[in-house]
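Positions are given from 1 along the sequence. All values reported here derive from a predicted model rather than from experimental measurement.
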Amino acid sequence: MQRGMVIDAVRIADGADILDADLHLPETALGLVIFAHGSGSSRFSTRTRQVAESPNQGHFATLLPDLLTQAEERVDVRTAEYRFDIPLLARRMVAATDWAAGHNLVGRLPIGYFGASTGAAAALIAAAERPGTAAVVSRGGRRDLAGDALPIIRTPTLLIVGGDDGPVIQLNEEAMRRMRAPVELAIVPHATHLFEEPGTLEEVQRLALDWSTRHMRR
């Protein structure tokens with residue numbers, strides 16, 4: 001753990017629904033990165049937490065919310081009916097953003113998003129609904145699922161794709177053509193969809209931190 005890091009378990013309201021989340025707050029935070037995990041994952045995912053360490057080390061706070069309630073999660077484990085409900089996941093990202101904006105410790109920080117897999121589409125839709133978002137990083141995501149939100153987004157967006165993930169590269173190139181925001185495509189050589197190959201997730205961390213540092217200053 002980084003010296004001076006404060007870790008707090010928080011609860012975020014989305015209407016009548018309550019989401020559990022972890023807030024990691026380093027000293028002299030430069031901004032706040034909100035994570036949207038992929039389908040079937042949670043804030044306890046080892047991979048999610050590994051990627052979240054990088055912004056913490058770069059003096060960014062992180063918010064790792066579960067985008068499903070505990071009851072929804074129990075149903076989704078059996079039926080998978082919520083993990084692809086992109087409008088629901090996007091609404092939860094907006095709720096997390098509004099919660100952070102009203103928080104006494106992080107409310108004045110620039111806010112960015114990191115989305116993985118289906119969480120990438122949710123992050124993009126949330127960025128369209130909250131245009132004050134400073135930066136978006138998408139890892140291996142289905143940005144095409146963001147649909148009509150793509151041309152509305154004004155937030156600088158980095159799309160990270162594995163070099164051996166051919167179909168997703170094409171989907172991201174198509175999404176880029178629909179976007180009017182500043183957008184870049186970063187292809188990580190020899191990586192497949194989950195970035196399980198040695199060194200590839202570390203490259204995602206490096207790229208994401210660099211993008212956040214460039215675009216998320218007070």
Side-chain angles (χ1 to χ4, degrees), residues 1-2 22 24 30-31 33-60 62-65 67 80 83-84 86 89 93 112-127 133-147 149-150 153 155-179 181-216:
M1 184 191 308
Q2 181 181 331
D22 290 339
H24 295 227
L30 301 173
V33 180
I34 303 177
F35 279 72
H37 52 73
S39 57
S41 186
S42 76
R43 74 186 193 281
F44 297 116
S45 162
T46 301
R47 296 169 62 76
T48 297
R49 289 187 172 271
Q50 179 181 341
V51 174
E53 288 177 358
S54 179
N56 291 155
Q57 293 168 357
H59 299 284
F60 289 92
T62 53
L63 180 65
L64 281 64
L67 298 181
R83 65 186 64 182
F84 296 109
I86 305 302
L89 301 180
M93 282 293 288
Y113 297 146
F114 182 99
S117 189
T118 50
L124 288 167
I125 294 172
T133 306
V136 176
V137 176
S138 169
R139 188 212 82 199
R142 289 287 307 276
R143 292 87 180 184
D144 55 303
L145 297 177
L150 291 174
I153 298 165
T155 304
T157 301
L158 176 65
L159 310 177
I160 304 175
V161 187
D164 293 342
D165 197 7
V168 174
I169 293 176
Q170 182 177 349
L171 289 171
N172 279 263
E173 291 173 338
E174 292 171 357
M176 286 181 69
R177 288 191 285 270
R178 297 186 60 196
M179 295 180 69
V183 57
E184 294 182 15
L185 178 65
I187 297 178
V188 178
H190 313 301
T192 52
H193 186 65
L194 295 179
F195 295 84
E196 295 176 312
E197 295 73 22
T200 56
L201 199 59
E202 288 78 8
E203 179 64 7
V204 170
Q205 291 176 283
R206 187 193 67 79
L207 290 166
L209 179 58
D210 177 69
W211 192 259
S212 297
T213 302
R214 286 165 57 186
H215 296 285
M216 290 177 61

* Met216 and Ala134: which non-hydrogen atoms are nearest, and at how many Å? -> CG-CB, 3.7 Å
* Structure fact -> Between the CG atom in Leu209 and the CZ atom in Phe60, the distance rounded to the nearest 0.5 Å is 6.5 Å
* To do: Find out whether Asn172 and Ile160 are in side-chain contact, i.e. whether some heavy atom of one side chain is under 4.5 Å from a heavy atom of the other.
  => no
* Indicate yes or no: at least one non-hydrogen side-chain atom of Val33 is less than 4.5 angstrom from one of Ser212. => yes
* Inspect the contact between Arg214 and Asp210 and indicate whether a charged nitrogen and a carboxylate oxygen are less than 4.0 angstrom apart. => yes
* To do: To the nearest 0.5 Å, tell me how far His24 NE2 sits from Phe35 CZ.
  => 9.5 Å
* Minimum heavy-atom distance between Ile86 and Ala121, given as atom pair plus value -> CG2-CB, 3.9 Å
* Rounded distance [0.5 Å steps], NE2 in His193 versus CD1 in Ile169 -> 12.0 Å
* To do: Give the C-alpha distance, both sets of side-chain angles, the deciding distance and a yes or no for side chain to side chain contact (heavy atoms under 4.5 Å, CB included) between Leu159 and Glu184.
  => CA-CA 6 Å; Leu159 310 177; Glu184 294 182 15; over 6 Å; no
* Asked: Any side-chain heavy atom of Ser138 sitting closer than 4.5 Å to one from Leu158?
  -> no
* Asked: So how far is it from Glu203 CD to Gln205 CD, rounded to the nearest 0.5 Å?
  -> 10.0 Å
* Which atom names give the shortest non-hydrogen contact between Leu207 and Ala186, and what distance separates them? -> CD1-CB, 3.9 Å
* Thr62 and Ala52: which non-hydrogen atoms are nearest, and at how many Å? -> CG2-O, 3.8 Å
* **Heavy-atom pair with the smallest gap, counting every atom of Ala191 and Thr200** => CB-CG2, 3.7 Å
* To do: In sequence, state the C-alpha distance, the side-chain angles, and the governing distance for Gln50 and Glu202, and then conclude on side chain to side chain contact (heavy atoms under 4.5 Å, CB included).
  => CA-CA 9 Å; Gln50 179 181 341; Glu202 288 78 8; 3.4 Å; yes
* Quick one: are Val161 and Arg139 in side-chain contact, heavy atoms under 4.5 Å? -> no
* Look up atom CE in Met179 and atom OG1 in Thr155, then write down how far apart they are to the nearest 0.5 Å. => 8.5 Å
* Rounded to the nearest 0.5 Å, how far does CG of Leu67 lie from CG of Leu64? -> 10.0 Å
* Please report the closest heavy-atom contact between Ile153 and Leu124, naming both atoms and the distance. => CD1-O, 3.4 Å
* Just one of Thr157, Val136, Leu63, Val137 clears the side-chain contact (heavy atoms from CB on, under 4.5 Å) bar with Tyr113, so which one? -> Val136
* Asked: With the threshold set at 4.0 Å, does a side-chain nitrogen-carboxylate oxygen contact exist between Glu173 and Arg178?
  -> no
* Starting from the C-alpha separation in whole Å, work towards a yes-or-no answer on side chain to side chain donor-acceptor pair (under 3.5 Å) for Thr192 and Asp164. => CA-CA 5 Å; Thr192 52; Asp164 293 342; over 6 Å; no
* Asked: For the side chain of Trp211 and the backbone of Pro156, is there at least one donor-acceptor N/O pair under 3.5 Å apart?
  -> yes
